[in-house]
Amino acid sequence: MSESSVSVVKVIRCIVCPTGCQIQAISKGSDIIFEGYTCKRGLEYAEQEFYEPKRILTTTIRVEDGFLPLIPVRTDKPIFKEKLFEVLIEIAKTVVKPPVKMGDILIENILELDSNIIASRDLAKK
Amino acid sequence: MKKYKSDVVVIGAGAGGLAAAIEVKKADLEVLIIERDKELGGITLQCIHNGFGLKEFEEELTGPEYAQRFINQVKELKIPFLLDSMVIEITKEKLVYAVNRNEGLIEIEAKAIILAMGCREKTRGAINIPGFRPAGIYTAGQAQRFVNIEGYLPGNTYVILGSGDIGMIMARRLTWEGCKVKAVVEIQPYVSGLLRNQVQCLEDYDIPLITSYTVTKIHGRERIKGVTVSKVGRNFDRIIGSDKFIECDTLLLSVGLIPENELTLEAGAELSKNGGPLVDENLETTIDGIFACGNVLQVHDLVDLVTAEAKRAGKNVIEYINSRYGKDLMKKEIIKCVPGENVNYVKPDIINKRNLSEEIIFTFRVRHPDRRVLIQFKDNLQKIIYKKNKFYVIPSEMLELNINLEESGINPDCKSITIDVIPRPEVLIEED
C-alpha cells in the first residue's frame, strides 16, 4: 500500500461553548480522524456535523381567522440540513385554523423525515 | 380616575416581569402585571428560533414556548394583569399611573414596584449614517416582528449592519423566507453576537460577514437602493479608498440595545453608566421599594439569565415587604462597585454593608475580547479581595460571579471595590 495521503477535508467550528475550537476533519487513507477539539462534547459535535448535519427548523405557518396572522412552529426533532428548504416550501403550502395549543402537531411526519411540525405557542381565534 | 391597590406592581410582561410576578405571587402577596402589548410574553414571542431555556427548563425551547410556559403559570396562579395598558408615570411614593382604552387613566397604589420594561434597539439616529431618509431601513428586531408575528416581509435584498444576535438570526430567517442577504457588516474586528449564531445563521448559508467595515452612505431617495460600506481603522475612522457599493432594497440595523428607563428616571431613581438604574445587591434602585430586573437593568445575552435575575428581584421584594416596608431604616452604609480595567460596567453598583456576610451575584461585561485573563476585585487600598482565572472573555458574554465578600476577607471599612479583567502576570512573563 502506498503512503496514504493525509488531507484536511473539512474545518468545523465548534459551537458547544464560546471558546470556538477549530476542529479539522482529516482524511487518512480510508479513515476520517478529528483534530483540534479540546473536550468530549466537541468531538461528538464534530462527528455529528461531519457525517450527518441536522438542524431544528423554526418558522411560521399562516393562520386563518386567528388572534394573529401567523403561528410560530418548529420540527419536534432535528432534520437533515440539506432538507431544510424542501420542508420550508412544504410548510408554506399549509394554513391552520385556531384554536391551537402549544405542542399540537400541525403537520405530521413532514416529507417522511420522521419529524412533525408542532406549534410553539397557544393561539386563539380572532 | 379608577384607583387600585396591590402589594406589588410589575411593569412589563416579558420573561423578566412574568418570572418576578410568579415569584412574588408564590409568597401569597398580591401582584399586578401591567403590559403595553396586546398579550403577555414580551419580546421572546417574536424570537421564534430555538436555543432558549437550557438552564431554566433543562431543554431547548423556542422563544414562544419559553413565554408560553410562563404565561401558563401566570394563569394557573391567577395573577391579575392589564394588557394594552401603558404606564406613564411612577412616583417615589410607589404610585403607578397607567392609561388604557377601557378605563382611561388609572392609579395603582403599591408597596413595591418591579421595573421589567426591557430594552429597545438603537436606530439609525444613534449611529449617524449620511444619506437621504428613504423607506426600507429597519432595526433587526422590528423586521423580526414584521416577519414572525405580523406576516410581512420588509424587502427582498438586504444588508445587515451589526453582527448582534438578532441581526444574524434575521439573516437566516430572511434566507429561509426566500430573501437574499448580501452581507452582514460589522464595525468591530470581531463578531458581536454568539459564535453559535455566526456558524448556524451565516456560515451555514454562505452569507458574507465583513468585519472592520461599516455603512458610510445610504443611497436612494424614495426607497433605499444600496449602501456604501467602508473599511475602518483603529479609531473607527473611514479608510479612504476602501469604499464598496452593495445594492439592496432594505437595510437592517443590529447595532445595540439600550435599557428603557424613562419611567425610572422620572421617578427620580439614579441611572448608572450602562443605561440601567443604579442598584444594590438586592436589585433595589436608589428609591426604597423600587426594584429592577432583566434588560431594563442590564442587557443580557440569555433569557435564562433574565429569569434568574427576575426571580432574585421577586425574592428581594418579598423580603422588603415582609421586613422593611414602612420602617425607617438607618442611613445606608455602602461600598461602591467600580468598573476597572477592561470592564464596561458592573452590577450591583453599590453593596449595603449590612449584607456583606451573604453571597452577592456580580454581573459585568468586558470592553474587548481577551484570552487567559485574571479577574480581580480589589479595595480602595489596592488590597486584592478575590481572584479568578478565565480562559476567554468577550463583550457579548455577560460574566457572572457569586462571591461572599466577608469570607473573602474584605475590610468592612473599605469604601469601594474595583473589578479588573487583566492579562495574567504569568502569561505576560511567558510571552516576554
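Only heavy atoms go into these numbers, but all of them, side chains included; no hydrogens, no water, no symmetry mates. The chains referred to below are lettered A, B, ... by the order of the sequence lines, with proteins before strands, and numbering in each begins at 1.
- With a 4.5 angstrom heavy-atom cutoff, A/Arg74 touches chain B only via side-chain atoms.
- Counted by atom type alone, B/Arg173 and A/Thr60 present one or more donor-acceptor pairs between their side chains at under 3.5 Å.
- Side chains of B/Val421 and B/Asp370 form no contact here, defined as non-hydrogen atoms less than 4.5 Å apart.
- Within a 6.0 Å radius of CZ in B/Arg36, no more than 12 heavy atoms belonging to other residues, nucleotides or ligands are found.
- Crowding of A/Lys10 atom NZ: a count of heavy atoms from other residues, nucleotides or ligands under 6.0 Å exceeding 12.
- Both the backbone and the side chain of B/Thr175 come within less than 4.5 Å of a heavy atom of chain A.
- B/Leu45 places a side-chain heavy atom less than 4.5 Å from the side chain of B/Glu39.
- Within the 4.5 angstrom heavy-atom criterion, only side-chain atoms of B/Glu177, from C-beta onward, approach chain A.
- Heavy-atom distances place both the backbone and the side chain of A/Leu70 under 4.5 Å from chain B.
- Contacts of A/Arg55 with chain B are made by side-chain atoms alone, with heavy-atom separations under 4.5 Å and no backbone atom involved.
- Between chain B and the options A/Val63, A/Leu84, A/Thr59, A/Thr58, the largest number of non-hydrogen pairs under 4.5 Å is found for A/Thr58.
- A/Tyr45 OH: more than 12 foreign heavy atoms inside a 6.0 Å radius.
- For a residue to count as touching a neighbouring chain, one of its non-hydrogen atoms must lie under 4.5 Å from one of that chain's; by this rule A/Ile71 does not touch chain B.
- With a threshold of 4.5 angstrom between heavy atoms, B/Leu194 does not approach chain A through any atom at all.
- Among B/Lys38, B/Arg172, B/Glu203, the residue making the largest number of heavy-atom pairs under 4.5 Å with chain A is B/Lys38.
- By the neighbour-count criterion of 12 heavy atoms within 6.0 Å, atom CD of B/Glu59 is densely surrounded, having more than that number from other residues, nucleotides or ligands.
- For chain A, the nearby part of B/Asn72 is the side chain; its heavy atoms alone come within less than 4.5 Å.
- In this structure, no portion of B/Tyr152 lies under 4.5 Å from any heavy atom of chain A.
- More than 12 heavy atoms of other shown residues, nucleotides or ligands fall within 6.0 angstrom of atom CZ in B/Arg367.
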